[in-house]
2 protein chains.
Amino acid sequence: MPVDAFAVLAEPARRRILDELRDADRSVGELVAALTISQPTVSKHLKVLRDAGFVSSRTAAQQRIYHVEPAQFAALDEWLAPYRLLWTKHLDKLARHLDTMER
Amino acid sequence: MPVDAFAVLAEPARRRILDELRDADRSVGELVAALTISQPTVSKHLKVLRDAGFVSSRTAAQQRIYHVEPAQFAALDEWLAPYRLLWTKHLDKLARHLDTMER
DNA sequence: TGGTTGTATGCCTTGACAAGAATATGCCTA
DNA sequence: TAGGCATATTCTTGTCAAGGCATACAACCA
């Protein structure tokens with residue numbers, strides 16, 4: 001069953017994890033230290049993120065190093081795209097309005 | 001209390017409502033007809049969307065006409081932006097790779 | 001091999017939230 | 001003003017997921 005990307009990102013803790021991984025790959029322990037969340041909780045969130053394809057992990061001795069899979073964000077962007085159109089259109093209108101005002 | 005945009009959009013029904021409103025403004029009744037959701041449920045979702053600033057409504061006689069507020073999507077896009085960077089970088093790398101292969 | 005570190009998993013409780021049914025509210029028309 | 005239509009709200013119930021705790025598993029080290 002396909003996982004709902006929005007539902008996955010709805011959890012603030014998961015977004016914090018992603019934000020952390022955006023800078024650099026991290027082991028689970030590093031994530032636990034950086035955020036202030038228990039290790040089991042972090043591991044569970046990582047599982048959700050992994051299942052949804054937002055991150056992947058490699059094994060380095062006893063540690064698992066996680067890193068972001070940027071491709072997965074495309075789905076999100078795809079949904080957002082038509083709205084971005086609307087809203088840049090809106091910005092254009094605003095710009096024209098301001099332009100009109102200053103004449 | 002600020003509403004979490006991701007949490008709001010996590011509900012598929014709410015995204016369907018937004019997709020419907022993207023084409024044109026709609027009354028609650030039209031939304032109920034278009035989607036196949038009970039009227040109270042639609043009203044409740046609309047309330048959530050309104051509180052989060054994703055839509056606004058005007059009163060037309062007994063009807064309430066809803067329309068999308070595109071500006072609200074900016075927050076979403078803002079969060080997504082750094083990841084988009086990562087992933088276009090990734091696409092670049094892929095392109096270079098393909099380029100290399102065809103030589 | 002036994003102990004230790006790093007990570008994952010299972011169970012349980014609790015809280016959040018969605019949907020249904022019933023009802024309330026607002027605005028119109030006769 | 002009564003009645004009817006469009007929408008909102010309340011209450012209740014069921015579902016699901018998050019987090020705590022304990023524990024299992026895996027890889028390293030002495």
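Per chain, numbering begins at 1; letters A, B, ... match sequence-line order.
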Round to a whole Å and report the spacing from [atom1] of [X] to [atom2] of [N].
| X | N | atom1 | atom2 | value |
| --- | --- | --- | --- | --- |
| A/Ile65 | C/dG6 | CD1 | C1' | 11 Å |
| B/Ile17 | D/dT7 | CD1 | P | 13 Å |
| B/Phe6 | C/dC17 | CZ | C1' | 19 Å |
| A/Lys44 | D/dG20 | NZ | C1' | 7 Å |
| A/Leu46 | C/dG6 | CG | C1' | 13 Å |
| B/Leu35 | C/dA18 | CG | P | 16 Å |
| B/Arg26 | D/dA6 | CZ | C1' | 17 Å |
| B/Ile37 | C/dA18 | CD1 | P | 12 Å |

For the side chain of [X], counting heavy atoms from C-beta on, which of [options] is nearest?
| X | options | value |
| --- | --- | --- |
| B/Gln62 | D/dA8, C/dA8, D/dA6 | D/dA6 |
| A/Val28 | D/dA27, C/dT7, D/dA8 | C/dT7 |
| A/Ala61 | D/dG20, C/dA19, D/dA27 | D/dA27 |
| B/Ser38 | D/dA8, C/dG20, C/dT7 | C/dG20 |
| B/His45 | C/dA22, C/dA8, C/dA18 | C/dA18 |

Next on the checklist: Would you say A/Val3 ends up clustered with A/Leu18 if hydrophobic residues are merged whenever their side chains have heavy atoms under 4.5 Å apart, either directly or through other cluster members?
Outcome noted: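 Linked, A/Leu18 and A/Val3 end up in one cluster.
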Next on the checklist: If hydrophobic clusters are built by linking Ile, Leu, Val, Met, Phe, Trp and Tyr wherever their side-chain heavy atoms come under 4.5 Å apart, do A/Leu35 and A/Leu21 end up in the same one?
Outcome noted: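 Yes; A/Leu21 is reachable from A/Leu35 via cluster members.
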Item to check | Residue whose nearest DNA chain D nucleotide is more 5′ - A/Gln39 or A/Arg64 | outcome: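 Looking at DNA chain D, the more 5' nearest nucleotide goes with A/Gln39.
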Item to check | Close side-chain approach of B/Val48 to B/Arg14, heavy-atom, < 4.5 Å | outcome: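 When only atoms from C-beta onward are counted, B/Arg14 and B/Val48 do touch, with a gap below 4.5 Å.
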Next on the checklist: Is there a side-chain contact between B/Thr41 and the phosphate of C/dG20, meaning an N or O under 4.0 Å from OP1 or OP2?
Outcome noted: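 Affirmative; the distance criterion is met.
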Next on the checklist: On the nucleotide D/dA8, are OP1 or OP2 found under 4.0 Å from the side-chain N or O atoms that B/Tyr66 carries?
Outcome noted: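 Answer is yes, contact under 4.0 Å.
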Item to check | Polar contact flag, side-chain donor to acceptor under 3.5 angstrom, A/Arg58-A/Tyr66 | outcome: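 On atom types as modelled, these side chains do not qualify, holding no pair under 3.5 Å.
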Checklist entry - With a non-hydrogen cut-off below 4.0 angstrom, is B/Ser27 in contact with a base, only sugar-phosphate, or nothing? => result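 The residue B/Ser27 makes sugar-phosphate contact but no base contact.
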Checklist entry - Counting any heavy atom closer than 4.0 Å, what does B/Gln63 reach on the DNA or RNA strands: base, sugar-phosphate only, or nothing? => result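 Answer is sugar-phosphate: B/Gln63 comes under 4.0 Å of backbone atoms only.
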Next on the checklist: Heavy-atom nearest nucleotide on DNA chain C for B/Thr59 versus A/Arg50: which residue maps closer to 5'?
Outcome noted: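 Of the two residues, A/Arg50 wins.
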Item to check | Short N-O contact, B/Arg15 and B/Asp19, less than 4.0 angstrom | outcome: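 Answer for the salt bridge query: no.
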Next on the checklist: Is it the case that D/dA17 (base atoms only) and A/Glu11 (side chain only) share a donor and an acceptor within less than 3.5 Å, ignoring hydrogens and angles?
Outcome noted: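 No such pair is found, so the answer is no.
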